[in-house]
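One structure below.
A note on names: the letters A, B, ... follow the listed sequences, proteins ahead of strands, and every chain is numbered from 1. Please read all numbers here as calculations on a predicted model, not as lab measurements.
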Number of protein chains: 2
Amino acid sequence: MKKETAASGTETETGTGARAGIDPSGPALARIRALPSWQLNRASARGRRLVGEALAREGLRMPHHAVLSAVSDLGPVAQAELGRTTGFDPKDMVGILNDLQAAGLVTREPDPADRRKNAISLTDEGGRRLVRLAERGDEANEELLGALTPGERERFLELLRKVAEG
Amino acid sequence: MKKETAASGTETETGTGARAGIDPSGPALARIRALPSWQLNRASARGRRLVGEALAREGLRMPHHAVLSAVSDLGPVAQAELGRTTGFDPKDMVGILNDLQAAGLVTREPDPADRRKNAISLTDEGGRRLVRLAERGDEANEELLGALTPGERERFLELLRKVAEG
DNA sequence: AGATGTCGTTGGTGGTCCCAACGATACAGA
DNA sequence: TCTGTATCGTTGGGACCACCAACGACATCT
């Protein structure tokens, strides 16, 4: 029952990128799996899993790490500014900061100079936790790129940045 | 327009917008952004957005494209087999196939040889739509890698596969 | 026959991202 | 000073993707 109509017939095309060694009977799935977007999703999912597991050992998740880093860099800073810097939605920023505040890693005080704003600051414990988070994150990324040589990693990151920035 | 005073206005300033170089006192954010996992997430998100928009022009989404491709390759096939092949959760497979069936792109008939199974087959319209989906997907991936030369694309995909497979 | 496992399905969770609206507040211009 | 406009943090909702638990129906192995 193989009535392969799609793509198997006279789809000569330019022959670009097409991995010539693909199963001739039904290349549709292999084509999809060869797409950069597909492989990017797979690699990204693996990275998220590795980093997620690593940060979970510190009781936090990736957004917490990012926001904690931003607070560390920007000193006392408003939530909206944190959102612009890290790219997280204001809606989600509320929950992230709630978690960090509940864990005693940041303080959230009203800004006397602008009473609309919250001044977010890093606590000492937050600073210590951030160091450990960075270590865990580095370990996870080390494992993520484990199959690559140092030279390949450099090249990969360079190309990846181009793709990410569009 | 408006000067951004921020909470730390009085003593931080130090001269510029600070967008230029990495601040040596607090490189935490820059470190995170330089992580492969961070860049992978960015690139993957861009890919998902581009592909999603492209496939939406055909009224479908990425999982539909993948499953439709699998059905095209595997002829009449059970849902569980589709799930194993494409990696989608059985729960999600139900919804995906509901959509494809409602759109007349696949048929779902009871398998007489095993009444637990559904035999999923591609319709003629499904085959035609799949061709268009593949074209749209290729266009989106073309744009995704637009900043890379052909040689860079090949190298990038090679490294990306290594990272994805771990 | 009974034990075991797979089938499709339903239900629920969590994470990421985006949008709309709200009250409170700040600010620029009439 | 008053008034409109914009931003602040917050709440609520939705789309999409990934994952897991449980169930009845059914097949298979012993």
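Side chain A:K91 to base D:dG14: no donor-acceptor pair is found below 3.5 Å. A donor N or O paired with an acceptor N or O is not found under 3.5 Å between the base of C:dG8 and the side-chain atoms of B:K117. For a distance-only test at 3.5 Å, the side chain of A:R115 fails to qualify as a donor-acceptor partner of the base of C:dT25. For D:dC26, its base never sits under 3.5 Å from the side chain of B:D114 at any donor and acceptor pair.
Taking the nucleotide of DNA chain C with the nearest heavy atom to each of A:P112 and A:G87, the more 5' of the two is matched to A:G87.
If you check every strand for non-hydrogen atoms under 4.0 Å, B:M93 touches nothing. Residue B:A45 is classed as having no contact, given no heavy-atom separation below 4.0 Å to the nucleic acid. Nucleic acid contact class of A:R48 (heavy atoms, under 4.0 Å, all strands): none. Backbone-only engagement by B:N118 is indicated by non-hydrogen atom pairs under 4.0 Å involving sugar-phosphate atoms exclusively. Among the atoms of the strands shown, none is found under 4.0 Å from any heavy atom of B:N41. Nucleic acid contact for B:R49: none, since no nucleic acid atom lies under 4.0 Å from a heavy atom of the residue.
Straight-line distance from the CZ atom of A:F88 to the C1' atom of D:dG9: 18 Å, rounded to whole Å. B:D92 has its CG atom 15 Å from the P atom of C:dG12, to the nearest Å. B:E109 places its CD atom 14 Å from the P atom of C:dG8, with the value rounded to the nearest Å. Between the P atom of C:dC7 and the CG atom of B:D89 lies a distance of 14 Å, rounded to the nearest Å. As rounded to whole Å, 16 Å separates atom P of D:dC16 from atom CG of B:L50. Across the protein-nucleic acid pair, A:L82 atom CG and D:dT10 atom P stand 12 Å apart, rounded to whole Å. Rounded to whole Å, atom C1' of C:dT4 lies 11 Å from atom CZ of B:R116. Rounded to whole Å, atom P of D:dC16 lies 21 Å from atom CZ of B:R46.
For B:Q79, taking side-chain heavy atoms from C-beta onward, the closest of the listed nucleotides D:dC8, C:dT9, C:dC7 is C:dT9. Distances from the side chain of A:R84 to the nucleotides C:dT16, C:dG8, D:dC8 place D:dC8 closest. Here the nucleotide nearest the side chain of B:M62, chosen from D:dA18, D:dC16, C:dT16, is D:dA18. Across C:dT9, D:dC17, D:dC26, the shortest atom-to-atom separation from the side chain of B:P63 is found for D:dC17. Of the candidate nucleotides D:dC16, C:dT9, D:dC19, C:dT9 has the atom nearest to the side chain of B:V94.
Under a 4.0 Å N-O distance rule, the pair A:R129/A:E125 qualifies as a salt bridge. We find that B:R84 and B:E81 are joined by a salt bridge, their nearest charged nitrogen and carboxylate oxygen being less than 4.0 Å apart.
B:P36 approaches A:L157 most closely through the heavy-atom pair CA-CD2, 3.9 Å. The shortest heavy-atom contact between B:S69 and A:I32 is OG-CD1, 3.3 Å. When all heavy atoms are compared, the tightest approach of B:V163 to A:R46 is O-NE, 2.7 Å.
The side-chain heavy atoms of A:R49 and A:E53, taken from C-beta on, include a pair separated by under 4.5 Å.
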